[in-house]
There are 2 protein chains.
Amino acid sequence: MTVTDTPGATGRARTVPKPVRATIGRPRPQARDQYTISEVVAYTGLSAHTLRWYERIGLMPHIDRTHTGQRRYSDQDLDWLDFVAKLRLTGMPVADMVRYAELVREGGHTYRERLELLVAHREDVRRRVAELRDTLGVLDFKIDFYAGAEPAPERH
Amino acid sequence: MTVTDTPGATGRARTVPKPVRATIGRPRPQARDQYTISEVVAYTGLSAHTLRWYERIGLMPHIDRTHTGQRRYSDQDLDWLDFVAKLRLTGMPVADMVRYAELVREGGHTYRERLELLVAHREDVRRRVAELRDTLGVLDFKIDFYAGAEPAPERH
DNA sequence: GGCTTGCCTAGAGTGCGCTCAAGGTATTTA
DNA sequence: TAAATACCTTGAGCGCACTCTAGGCAAGCC
């Protein structure tokens, strides 16, 4: 994943995020810098619908097109999708990612704001990790109880 | 929080959970075992709408009523709400919590299934924690980059 | 030429987890 | 007695993040 991002709407919400696909994973065909949407689907695990939607809402930078209008994703685009996947995984709202993408498109003078956004998000993630670890304790306790107090493990 | 739960419907989904309220917190008025809905709102931070909705979908056990039909929550009910809050915090889908509540209502012979449900959820949470920690690395990396490569921290 | 495949667009629909609206009753307070 | 307050119910609505539908074009293959 490069550090120099590539992308391009905004908003905000609040509830617990549901688990998203584990992560990217599949190997990149081999840097041809010209991937069709279905190759990107295979690589990212996202649906073509979702990829087009990401573009519509401004979460992606401009994507190249063939003369007949088909999308051709570049390696940089895949890098960006990798990063987006990470952010999603940590439960960042799509609107925030879009905001970040906008900042990237706006250029160098937005470094500070991007930094702030990432730092705030990192805090968020850290808090979340702490909460989860905390709750794991409660789960352990309950589980121990059930494992012990059970009418006898094999009793039906 | 007691270990002997109290609650009761069912379903399933899959995406990343959004952050939910930090946690219960506010002190329990003092065990009167007869709390009005607005007291429970103050205690849990949930809205009255949500509390009634939880009941409708079978996430709560039977809640006592006054002769005029107003709800009166017991300490046990609050304990259950504490536990539910924990589960929500860890992103357990409402449908799963409802399933768990059903099992509790069904009685002792469901211990095994409850145990399995909790164990599976714990695995889920552990996986999620691992993913988050992982992604924190990526965030740290990006943040270090921005903090360093910035056109100079005070440059505008 | 006809069929298949892979892609395109605009816009509607879905599932989850609430949240709100409308209309009503009982108790307390002025 | 009138008004305010706190609660009730049923059912519709909302925001988010997708996901699907319908209709269409272009290139490849027999």
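Labels below follow one simple rule: chain letters A, B, ... track the order of the sequence lines, proteins then strands, and each chain is numbered from 1.
Here C:dC16 presents its P atom at 15 Å from CG of B:Leu59, a figure rounded to the nearest Å. In this entry the distance linking CE of A:Met92 with P of D:dC18 reads 14 Å, nearest Å. Between A:Ile57 atom CD1 and D:dC18 atom P there is a gap of 8 Å when expressed in whole angstrom units. Computed from coordinates, the A:His49 NE2 to C:dA10 C1' distance equals 12 Å when rounded to whole Å. Between B:Arg65 atom CZ and C:dA26 atom P there is a gap of 14 Å when expressed in whole angstrom units. Atom CG of A:Leu87 is separated from atom P of D:dC16 by 18 Å (rounded to the nearest Å). The nearest whole Å value for the distance from the CG atom in B:Leu46 to the P atom in C:dC20 is 14 Å. B:Leu51 has its CG atom 14 Å from the P atom of C:dC20, to the nearest Å.
A salt bridge does not link B:Asp64 to B:Arg71: none of the charged nitrogens lies less than 4.0 Å from a carboxylate oxygen.
In terms of phosphate contacts, B:Arg52 brings no side-chain nitrogen or oxygen within less than 4.0 Å of OP1 or OP2 of C:dG17. When the side-chain nitrogen and oxygen atoms of A:Thr68 are compared with OP1 and OP2 of C:dC8, none of them lie within a distance under 4.0 Å. Contact between the side-chain N/O atoms of A:Thr50 and the OP1/OP2 oxygens of D:dT19 is found at a separation under 4.0 Å. Between A:Tyr54 and the phosphate of D:dC18, there is a side-chain N or O to OP1/OP2 separation shorter than 4.0 Å.
Distances from the side chain of A:Trp53 to the nucleotides C:dG17, D:dC7, D:dC18 place D:dC18 closest. Across C:dT19, D:dA6, C:dG6, the shortest atom-to-atom separation from the side chain of B:Ser38 is found for D:dA6. Out of D:dC7, D:dA17, D:dT9, the shortest distance to the side chain of A:Arg88 is found at D:dA17.
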Let's go through A:Tyr100 and A:Phe83 carefully: what are the C-alpha distance in whole Å and the side-chain angles of both, what is the deciding distance for ring pair (Phe, Tyr, Trp, His ring centres under 6.0 Å) to 0.1 Å, and is it a yes or a no? CA-CA 11 Å; A:Tyr100 185 83; A:Phe83 184 55; 5.8 Å; yes
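Here the CZ atom belonging to B:Arg122 is positioned 14.5 Å from the CG atom belonging to A:Leu132, to the nearest 0.5 angstrom.
Between the side chains of B:Asp75 and B:Tyr35, at least one donor N or O sits under 3.5 Å from an acceptor N or O.
Residues A:Ala48 and B:Gln70 each lie close to DNA chain C; by heavy-atom proximity, the contact nearer the 5' end of the strand is made by A:Ala48. In this structure, B:Ile37 and A:His67 both approach DNA chain D, and ranking their closest nucleotides by distance from the 5' end singles out B:Ile37.
A donor-acceptor contact under 3.5 Å is not formed by the side chain of A:Arg71 with the base of C:dG6.
Side chains of B:Met92 and B:Arg88 form no contact here, defined as non-hydrogen atoms less than 4.5 Å apart.
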